[in-house]
Amino acid sequence: MINGYDRMKNWLWIIGLFFVLSLHAEDGHRLWLRMERNAVPADVRLVEGTRRTDILDIASRELKDFWKGEGRVLLCVSKGGATRDGFTIRKKGQDMELSSASDRGVLYAAYDLLRRQQTGDLLSDGAVVTEMPSYDIRILNHWDNPDGTVERGYAGRSIWRWDELPETVSPLYEEYARANASVGINAVVLNNVNAKPQMLSTGMLRKVAVIADVLRPYGIRTYLSVNFASPKALGELPTADPLDADVQRWWKKKTKEIYCLIPDFGGFLVKANSEGEPGPQDYGRTHADGANMLAGILAPHGGVVMWRAFVYQASSLDRACQAYEEFMPFDGQFHENVIVQVKNGPIDFQPREPFSPLFGAMQHTQVMPEFQITQEYLGQSIHTVFLPTMWKACLDAETYRDGGGTVAEVTQHRVGIHSRSAMAGVANIGDVVNWTGSDMAQANWYAFGRLCWNTDLSVAQIAEEFLKQTFSTDEHFVEPVRQLLLRSWDTAVSYMMPLGLHHIFAFGHHYGPEPWCAPPNTRPDWLPKYYHRADSIGIGFDRTVRGSKAVLQYHEPLATLYGNLETCPEEYLLWFHHVPWEYVMRNGLTLWDNLCYIYNSGVEDAWEFVDFWQKARPYIDSERYERLLKRFERQAKDAEWWRDACLLYFQRYSRRSIPADCLPPVHKLEDLMKFKLHIDNYTVADMDNLP
Ligand code: GCV
C-alpha cells in the first residue's frame, strides 16, 4: 500500500525530474542565440545627438538583456561613422562604444559584441574593430508558396501563415527577423521564384505589408518574386508584353500600390522563361526588355530587379552553355538597378560544379551569386553537409576576366553609380520547431549570413562560431565536430558524385541515386544519362572543343586548363571530359579504380562521422544529440546506397571488378533499381525501407 506521504514523495520526484529535464530540453528553436538573459539589465545608452529609432531600440534591448560586460555600452549614429551598414566597436576602459553612420550598423555591432561574448572572443582594452559588409544586399530567397508549401523545403511548412494574416501576426516572424539580423542578413524575398500571380493581389500585398512591418526594425527589407505574366494572369490585361504601354501602366500602378503599403520595399526577383515560367520571350522580347521595363518602374522608388539567369531550353545545346549564350548578348544593356542573379554553377546547385562562366564574362552588368542553403541535392534535412566550404570554392575562384578578380571580387564590384552588390541564398527554413529540420542545417543559414557579411571569413572560423554558440564551447566538443563539418562537403561529394559527375539523382525529389533513371517521354536534360554518358568506353560529358565547347565560355588560362585532360582539375574531370575507364590518373590508378576508391572513402568517412558524433555525447543535450545521431547513421547508410547504386550500375558499362580492398556492396543493383521513395514528406524512417 502506498500511503499519502509516499504518494506525495513520488509526485515531488516526478515534478523534480520534469523540472530538470525541461531545464535541459533543447528543441533547437533558439538557434545560435542561446544567451542567458541578465537579471539586471546592462547599462546601455545612446550618446548625445543620436536619436532613438526602432532599430536602435532593438540594439539597446538586446544589449540590456544579454550583454554581461561591466561598463556602459554607448550607441552612436553619426555622419562620420562607418557607412553601408558597417560599424566600429571601441573598447574604452570598461565601456564599449558602438558607432556607425546608420542605426543598422549599430544593430550589427550589437550582435557582433554578443557573438564575441558567446564565443569567448573578447576585446582587450583600447581595441578598435571596424567591419564593412562584403555585399550591400544580403538576401534570403524563400521558395514558399501561398498555399503554405515550400518548394525544395525539408523543414515543414512555410513560416508565413498567409491564411491568418493580416490580422494574426505569428511570433515566428520576429524571431526569424532577429536571427537574420544577428548574422547581417538585411533582405528577404518572401515567396517562390515560381511565383503565383496572386502574390500581387491587393489582399496578399496587405499581408506582405504586415510581415514587412515586423522585419523592418531588424533592418530587413522585403522583396517579392513576381510572375512576369501577372497583368494577364490576374485577368486585367490581354497581354504581358513588356513593351506594351498598358502593361507598363499596369506595373507602374501595381508598384505604386506596393510602395504605399511598404515604403522601403526592396524590389522584384524574376524567374523568366525558365522551366515553364512566363517571360518576355513569350512576346518576342528579350531578357533585357523584360528586366529594364520593371527596373525603370522601380527606379524612382529606389527598388531593384533581381533577374535570374537560370535558363535552359530542351535543345541540342549543352544545358551548361545556355545561360551564357542567352545573357552575354545583353551584357551592358541592363539598367543600373538590374542585378543578374546567377547560380554558383552553370547547371543547378549540384554537389560540386565549377563556377558559372557568367561571373567572369558579364563585365558590364551587376551580377550576383545565388547559393542554395536548402539541401535539395545534398541530402536534404538528413545529411550533415556544411555548405560554406562549397560556397567559398566558388567565391574564391579566379575568373581571369580583364584585370582579374575572383567571383567574390567581381560580384562585389559595383558596375554603375547606383548599382548595388548582392548575394542570395535559397532558404532552408520552415515551421518545424528547430527551423531547419536538422539541427546541424542551422549552420548553413548561419554561415550564409556570415559569408555575405565577410567573404574573407574562413570556413573554420564560421564553423567554430556556430558550434560554440549553438551547442557548447567545450573544446572537446568543438574541435572534433568542427573537423567533421569541414570535411562534410568533400565527403558528400565523394559518396554521391565524385570526379565531376553530376545530376545522377532520383527523379523529382532528388534525394537518392538513380543513374539509370529513364522514364518515358521525359526531357533528356532532366535525366541522369544526359549528364553521365556512361558507355563501354568510359564516362563523363565532353565539354571540350571537340564536344559541347563549354570550356570556351571561360577566360584563359581556364579554357585550356579545363579543356585538357592532363591539366583539368580531377574534381571536375567528368564534368568536362568523357574519360576512358582505363585512363590512368595522377595517382597511377585507372579512372575506374579511382571511382571505386573515392566512393568507398565517402562511405568510410560517413561512418566515421557517426563515431565523431558519438564522442560528442557528454558535451551536449540528449535531445539534439539523439536527433542528430539518427541522421548521421542514416547518412552513412545512404552513402552505402549511393556507392552501391552508382558503382554497380556503372560496372555494367566498365565491365571491371571493384578492387578487392574496397568494402563489398551491401545492396543488390536489381533491388535498388526497384526502390522508390515517396516524393513528398519522406522521413528518416521511410529511408529505412531501403532493400
Ligand atoms: C524553384 C531546380 C529546382 C526547382 C527550382 C529551380 C529554380 O530546378 O529543382 O525546384 O524551382 O531549380 O532554381 O528555379
Side-chain angles (χ1 to χ4, degrees), residues 139-155 158 188-197 199 223-229 268-279 281 287 290-291 306-314 319-320 322-323 326-327 339-351 353 356 358 368-381 387 390-391 394 423-430 448 496-497 502-512 514 517 519 522-528 530-531 677 679-682:
I139 188 164
L140 281 184
N141 288 186
H142 282 263
W143 284 358
D144 296 19
N145 298 311
D147 66 2
T149 56
V150 180
E151 182 152 349
R152 308 304 178 187
Y154 313 103
S158 170
V188 170
V189 181
L190 298 184
N191 63 313
N192 193 351
V193 284
N194 293 330
K196 298 280 181 253
M199 279 308 295
Y223 292 64
L224 288 177
S225 293
V226 295
N227 181 299
F228 196 77
F268 298 141
L269 170 63
V270 192
K271 172 175 177 178
N273 294 116
S274 161
E275 298 189 327
E277 293 302 308
Q281 291 173 346
H287 286 292
M306 294 169 173
W307 192 270
R308 292 177 95 223
F310 177 66
V311 292
Y312 62 101
Q313 318 286 340
R319 176 172 165 186
Q322 294 191 26
E326 274 203 48
F327 276 78
I339 315 180
V340 173
Q341 182 166 316
V342 178
K343 288 189 180 182
N344 57 289
I347 292 200
D348 186 12
F349 298 137
Q350 293 303 290
E353 295 193 37
S356 165
L358 276 174
M368 63 188 279
E370 174 181 336
F371 296 109
Q372 199 179 37
I373 311 171
T374 190
Q375 292 170 233
E376 172 180 359
Y377 295 106
L378 275 160
Q380 301 177 6
S381 55
L387 298 173
M390 172 165 86
W391 303 334
C394 171
M423 173 160 142
V426 180
N428 61 348
I429 297 157
F448 172 75
M496 285 183 174
M497 279 166 252
H502 50 291
H503 228 310
I504 53 178
F505 290 97
F507 195 75
H509 56 70
H510 298 160
Y511 184 82
E514 214 175 1
C517 167
T522 308
R523 273 174 66 159
D525 57 344
W526 283 352
L527 296 178
Y530 174 93
Y531 300 97
L677 208 54
I679 297 284
D680 295 315
N681 299 326
Y682 38 84

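Counting starts at 1 for both ligands and their atoms, in listed order. Small disclaimer: the values here were computed from a predicted structure and weren't measured.
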- Query: Please state which protein non-hydrogen atom is closest to atom 14 (O) of ligand 1 and give its distance, to 0.1 Å?
  - Reply: Lys271 NZ, 2.6 Å
- Query: Between Ser225 and Asn191, is there a donor-acceptor pair closer than 3.5 Å when you use the side chain of the first and the backbone of the second?
  - Reply: yes
- Task: Answer with yes or no whether the side chains of Gln341 and Asn141 bring together a donor and an acceptor at under 3.5 Å.
- Result: yes
- Message: Parallel, tilted or perpendicular, judged at 30° and 60°: which one describes the rings of His287 and Trp307?
- Response: perpendicular
- Query: Which atoms of ligand 1 are found less than 4.0 Å from any heavy atom of Glu376?
  - Reply: 3 (C), 9 (O)
- Message: Any donor-acceptor pair under 3.5 Å linking the side-chain atoms of Arg319 with those of Tyr531?
- Response: yes
- Task: Take every heavy atom of Arg308, measure it against each atom of ligand 1, and state whether any distance is under 4.0 Å.
- Result: yes
- Message: Out of all atoms in ligand 1, which are within 4.0 Å of some heavy atom of Asn194? Include the element for each.
- Response: 1 (C), 11 (O)
- Query: Parallel, tilted or perpendicular: which describes the rings of His503 and Phe505, with under 30° parallel and over 60° perpendicular?
  - Reply: perpendicular
- Arg152 heavy atoms, cut-off 4.0 Å: which ligand 1 atoms fall inside? 3 (C), 4 (C), 9 (O), 10 (O)
- Any idea which atoms of ligand 1 are less than 4.0 Å away from a heavy-atom of Lys343? 6 (C), 7 (C), 12 (O), 13 (O)
- Item | Close N or O approach (Glu370, ligand 1; < 3.5 Å) | no
- Message: Can you report which non-hydrogen protein atom sits closest to atom 6 (C) of ligand 1, along with the distance?
- Response: Glu275 OE1, 3.3 Å
- Measure from the side-chain N and O atoms of Thr522 to the backbone N and O of Pro519, and report whether any donor-acceptor pair falls under 3.5 Å. yes
- A student checking ligand 1 against Val193 at a 4.0 Å heavy-atom cut-off should list atoms 1 (C), 14 (O)
- Query: If you count the atoms of ligand 1 from 1 in the order shown, which ones are under 4.0 Å from a heavy atom of Glu151?
  - Reply: 1 (C), 4 (C), 5 (C), 10 (O), 11 (O)
- Output yes when a side-chain donor or acceptor of Ser158 lies under 3.5 Å from a complementary backbone atom of Asp144, and no otherwise. no
- Query: At a non-hydrogen distance cut-off of under 4.0 Å, which region of Asp348 contacts ligand 1 (side chain, backbone, both, or neither)?
  - Reply: side chain
- Atoms in ligand 1 flagged as close to Asn192, the criterion being non-hydrogen separation under 4.0 Å: 1 (C)
- If we ignore angles and hydrogens, is there a donor and acceptor under 3.5 Å between the side chains of Glu376 and Tyr154? no
